[in-house]
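Remarks on the structure that follows.
We count ligands from 1, going down the list as the structure has it; atoms in each ligand are counted the same way. For the numbers below, each heavy atom of this structure counts, side chains included, while hydrogens, waters and symmetry mates do not.
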Amino acid sequence: MNDQPVSRQTFDEVMVPVFSPAPFVPDRGEGSRLWDTAGREYIDFAGGIAVTALGHANPALLRVLHEQGGKLWHIGNGYTNEPVLRLAQQLAALTFADRAFFANSGAEANEAALKLARRVAFDRHGAHKDEIISFTQSFHGRTFFTVSVGGQPKYSEGFGPRPAGIVHLPYNDIEAAKRAIGSRTCAVIVEPVQGEGGVIPADPAFLSVLREACDAHGALLIFDEVQTGVGRTGHFYAYEDTGVTPDILTTAKALGNGFPIGAMLTTDAIAAHFTLGVHGTTYGGNPLGAAIAGKVVELVSDPALLAGVRARGEAIRAKLAHLNERFDALAEVRGKGLLIGAQLNARYAGRAKDFLSAAAHRGVMMLIAGPDVLRFAPSLIIPETDLNEGFARLERAFEDVCGSR
Ligand SMILES: *Cc1c(COP(=O)(O)O)cnc(C)c1O
């Protein structure tokens, strides 16, 4: 057994340096509170980046983890299993979709969606119909295909020739979308709220135009709901509140509450193009992940829980407005449900990280979305006392950065 002491410093010695984690090391969590290895307590407004929707160490999920963990973890896709079949049924019952393909992450779910769209266009129209339309500042994952489709060039440069047939348009630009979507378009992929790109909700009129243009040109509309899905916006999936139904939807993050699982959902007619052997995965759809996700879906799809998400979202907006009366640091608060972005005003331009560090110092974990946006993605069931305590601490963090105004 390895019982050598480890610390944050060890990260800089033995980890590939693609991340720059906080100076403390979280050790244990319960609900919306976490404790680090030194025993310091934090209120969790980050939710593991919109993942731990039902909080840490959720008792109902722990029960499923223990039960399924003692039965069967993995068998490979030469066999199916009851948890994954039930999960697919649940997701089909809750959405426009008839069928699911399971993967282990958001990027893999998007990879499957993009490959499927290319295959559908190839089968129906031929090799020329290969253009994938995406939007600037979008984020779809870090596999080479998904990162190339994503709209942040700094993530996709320097890895050799990029996959061809990818076009980026400005987000929420109706005229640009009307001009660009045409006979060569195979698919349009869009986040109903751009998460990593700054918490920017799509204009419903923009989404309708994408839907109409895709229909007019035989292209598929893919909603990347990896961040917005599983209750985050106050609806089980964000598309439900947009008036637009996609052809393919991808979901991950909160789906497993931290157990890695992702899924691509689609209709019978589109799924038929992924025939035997055309795509695959080793871990995807394993019984352990599927059992946990099944419980997550059951709990989060409860209309009372979803109403609670909308109410908590309003409460956070009110608290941010109140904070801003004192500090005058925010230009805008936007987002949906419990995916909230607070855009810093010109005086604090580029300083989101300073707020993040000050918050951690005062005992609050939160997120940023670029250099100018503070992002909140707490548990969907965060108790009111934790919200209040978190904002009391955040006020002290704002004092640290802005001075006591
Ligand atoms: C996080 C995210 C992804 C990537 O998910 P991973 O699980 O990190 O691969 C893709 N799309 C969106 C919208 C995301 O927020």
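Residues Arg347 and Asp328 meet the side-chain proximity criterion, which asks for heavy atoms closer than 4.5 Å. Under the 4.5 Å side-chain criterion, counting only non-hydrogen atoms from C-beta, Val199 is in contact with Val193. For the pair Leu72/Glu82, no side-chain contact is recorded, criterion being any heavy-atom separation below 4.5 Å from C-beta on.
To the nearest 0.5 Å, atoms CE (Met264) and CD1 (Ile222) are separated by 9.0 Å.
By the side-chain contact (heavy atoms from CB on, under 4.5 Å) test, Arg40 is found to be paired with Asp36, Tyr42, residues two or more places apart in sequence or in another chain being considered.
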Which protein N or O atoms sit under 3.5 Å from any N or O of ligand 1? Give each pair with its distance.
unit_1	atom_1	unit_2	atom_2	d
ligand 1	7 (O)	Gly106	N	2.8
ligand 1	9 (O)	Gly106	N	3.4
ligand 1	9 (O)	Ala107	N	2.8
ligand 1	11 (N)	Phe139	O	3.2
ligand 1	11 (N)	Asp224	OD1	3.4
ligand 1	11 (N)	Asp224	OD2	2.7
ligand 1	15 (O)	Gln227	NE2	2.8
ligand 1	15 (O)	Lys253	NZ	2.6

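Between Tyr348 and Phe355, the two ring planes are perpendicular [angle over 60°; tilted spans 30° to 60°].
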